[in-house]
Participant: 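Dropping the structure in here first, questions after.
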Amino acid sequence: MILELKERIIDVLNLEELTPEDIDAEAPLFGEGLGLDSIDALELIVLMEKYYGIRLATASEAKPIFRNLATMAAYIAEHRTK
Amino acid sequence: MIRVLSTNITSPLGMTTEENLLAVRDGRSALLRNERPWGLPFDVCASLFSQEQEHALLQESADAREPFTRFESMVLHSVRDALSHTDIDVSDSRVLLILSTTKGNIELLDGKEPVGDGVFPGNTASRIALALGITTKPLVVCNACISGVAAQVQALDLLDSGAYDYAVVVGADCQGAFIVSGFNCLKALSEDPCRPFDMERTGLNLGEAAATMVFASDRVPGNGGMWHLKRGCVRNDAFHITNPSPKGEGCFRALEYVTDGISAESLATIGAHGTATMYNDQMESVAIERAGLSDVPLSALKGYFGHTMGAAGLVETVLTMESVAQGWIPGVAGYAESGVSGRINASPDLRPTDKKSFIKIMSGFGGSNGALLYTMGEADSVAMHGNGTYPVGDMPVARHTVRITSETAEVDGTSIPLSCNGKDMLTELYRTSSSDYPRFYRMDVLSRLAFVAFELLRKAMGEGTLSGCDAMLFNRSSSILSDRKHQGTISVPGEFFPGPATFVYTLPNVMLGEVAMRHDMKGATSLIILPEKDSTLMSQMVYAAMLKSSCPDGMVAGWIDCPDENEFEAEISIYKHNHNNNGRIDT
């Protein structure tokens, strides 16, 4: 699941210069770590719906879920509808 | 300085300036909830033309030779109504047409290959010019939300430079699945009528409209006009491509420029952008307080018209101007209690005024901010910059030039060896020229092309930086690659997943936001779309802008066009002032 998520994030965010091994599942996705920004957060909201059928209404609702890859994977495992 | 001869607003609230003014005075809003419009999977609160209004506009513009689109028909109605109150001969070579739009005829993008010519905004402008009998080459100002204000600045600069005597400036945008799906995936839309600057605001509403302002240069005597556009400018935040600077940096500096030497007490109102998004209104309040304008009555019109995008700068300028002329300031529809940290003077109620000047501001994607100062009455002592034309032999000169095609790259005439072509070549150029900016990989191909061209130009300058420069870019293909990509994400039923990053790049001026961030360029940034590359017109515009520039290091200007991933062209130069112009010393 973590690997699949890494590959999808690299794909949707055009992180062409990274490989899945470069991403630490426990490192923060935003600010430090991967250094993603607010548009990326919205892009991840689309990813959640497109691949896992999870709808997040607002960016603030998504904030704790998108803390790092591990929190994201745990949330998907629990809530996915596809 | 230029003066306003005539105006029109065409919106769901009315087909003339007077009808719109009356509607706003009476507190009527055009914002309505629409159930799943254009087959979208959600409801949309927006200001849209009714079927009857749309039919009437299409009927009016109908031409036996070729039909006009929705977009073109509202533009034609607006311009024709405005021109009917003037005696200008529009076929004269001293008359210019400026179209302000973000997406023009985007609804013609239907997934078919090749993309029809009608989609390209420069071609749309040419069709409109032809229908109106305007014979000079038109230009399209495409600077996201601030387009309508930037188009007025363009008219001011070009008329002051002496290049034209009259400018017909028209702004318009139609709403449809393309734009609405994009703003929805950005989580920017409010389900209810928007509430600018209010504690309870939750986002913006989109709207459709066209609006026209006909300007005359003050060099041209006679033919009326009591409002003067005295100053106008654009300033970039150099902060982020979508989020405004939290300190309102660009907006503040634009306000500082237009209010220099003007007392806050002399201003009837400051016409805010007031989209009712969290970030925008907060940023504007900070900029207004920093500029010492907290006590000036604030107006914001999105609660009546929605955000009419390319039309907004013109709709809101005209409405503000005409209301102030009648002695009142519109109430801020949707506002009850301040929800911003900067101190502002807003009210939901109409307020009287006896003052004769106002300021209009706008901010938008690509980091751009614009401000205008209008004053009613006789021309006075606010100085015009220079004598309007560069003395012969003193034209700004290109100091360095970068040329890139899909197969070649050269700096000041020297070729760079390359091992591949097309999109991959841009990555190769990025790796060999800078390679310390991973954001490069996130950009669309148009922005990558601009980014690499600016990197090479900066390197050609040796020790110098671009931070003290303005930038003016031109193209033909707008953001067609990202447009097609976005359209592809909304066309297939059941596969409706528009992406925010792709949508952001459907605003072609975002490439200027990218390079402004990279090089900390906080001056003016503008994107102009033309029907075709036209070096004479481009030089004329660069020189006109440089006459007004307050950037000490000149301007980066040129052509950045990307019709296809593997077929593109960039040619940009850095221009320096070559003379001493009104105290602004050059190198």
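Every chain is numbered from 1 and lettered A, B, ... according to where its sequence line falls, protein lines coming before strand lines.
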Participant: For a quick test of reading the model, state the closest non-hydrogen atom pair linking His240(B) to Ser38(A) and the distance between them.
Facilitator: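 Nearest pair, atom of His240(B) first, then Ser38(A): CE1-OG, 4.1 Å.
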Participant: Val46(A) and Pro500(B): which non-hydrogen atoms are nearest, and at how many Å?
Facilitator: CG2-CD, 3.7 Å
Participant: Is it the backbone or the side chain of Ala57(A) that comes under 4.5 Å from a heavy atom of chain B, or both, or neither?
Facilitator: backbone
Participant: More than 12 heavy atoms of other residues, nucleotides or ligands under 6.0 Å from OH of Tyr279(B): yes or no?
Facilitator: no
Participant: Is it true that, when you exclude Arg431(B) itself, more than 12 heavy atoms of the residues, nucleotides or ligands shown sit nearer than 6.0 Å to its CZ?
Facilitator: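 Counting neighbours around CZ of Arg431(B), 12 or fewer heavy atoms of other residues, nucleotides or ligands fall under 6.0 Å, so no.
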Participant: Taking all atoms of both residues into account, what is the closest heavy-atom pair of Leu42(A) and Lys187(B), and its distance?
Facilitator: CD2-CG, 3.4 Å
Participant: Just verifying a value: how many Å separate Glu49(A) CD and Phe496(B) CZ, rounded to the nearest 0.5 Å?
Facilitator: 9.5 Å
Participant: Select one option (side chain, backbone, both, neither) describing which atoms of Ile241(B) are under 4.5 Å from chain A's heavy atoms.
Facilitator: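 Contact with chain A: side chain only.
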Participant: Just how far is it from atom CG of Asn14(A) to atom CG of Asp444(B), taken to the nearest 0.5 Å?
Facilitator: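 If we round to the nearest 0.5 Å, Asn14(A):CG and Asp444(B):CG are 9.5 Å apart.
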Participant: In Å and rounded to the nearest 0.5 Å, what is the CD1 to OH distance from Ile39(A) to Tyr505(B)?
Facilitator: 6.5 Å
Participant: Quick one: which residues of residues 61-82 of chain A reach chain B at under 4.5 angstrom, heavy atoms only?
Facilitator: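 Residues of residues 61-82 of chain A touching chain B at under 4.5 Å: Lys82(A).
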Participant: Taking side chain as C-beta onward, heavy atoms only, is Asp37(A) less than 4.5 Å from Arg439(B)?
Facilitator: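 Yes. Closest side-chain heavy atoms under 4.5 Å.
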Participant: Are the side chains of Thr427(B) and Glu17(A) in contact, using a 4.5 Å heavy-atom criterion?
Facilitator: no
Participant: Can you say whether Ile45(A) sits under 4.5 Å from chain B via the side chain, the backbone, both, or neither, judging by heavy atoms?
Facilitator: side chain
Participant: Select one option (side chain, backbone, both, neither) describing which atoms of Leu56(A) are under 4.5 Å from chain B's heavy atoms.
Facilitator: backbone
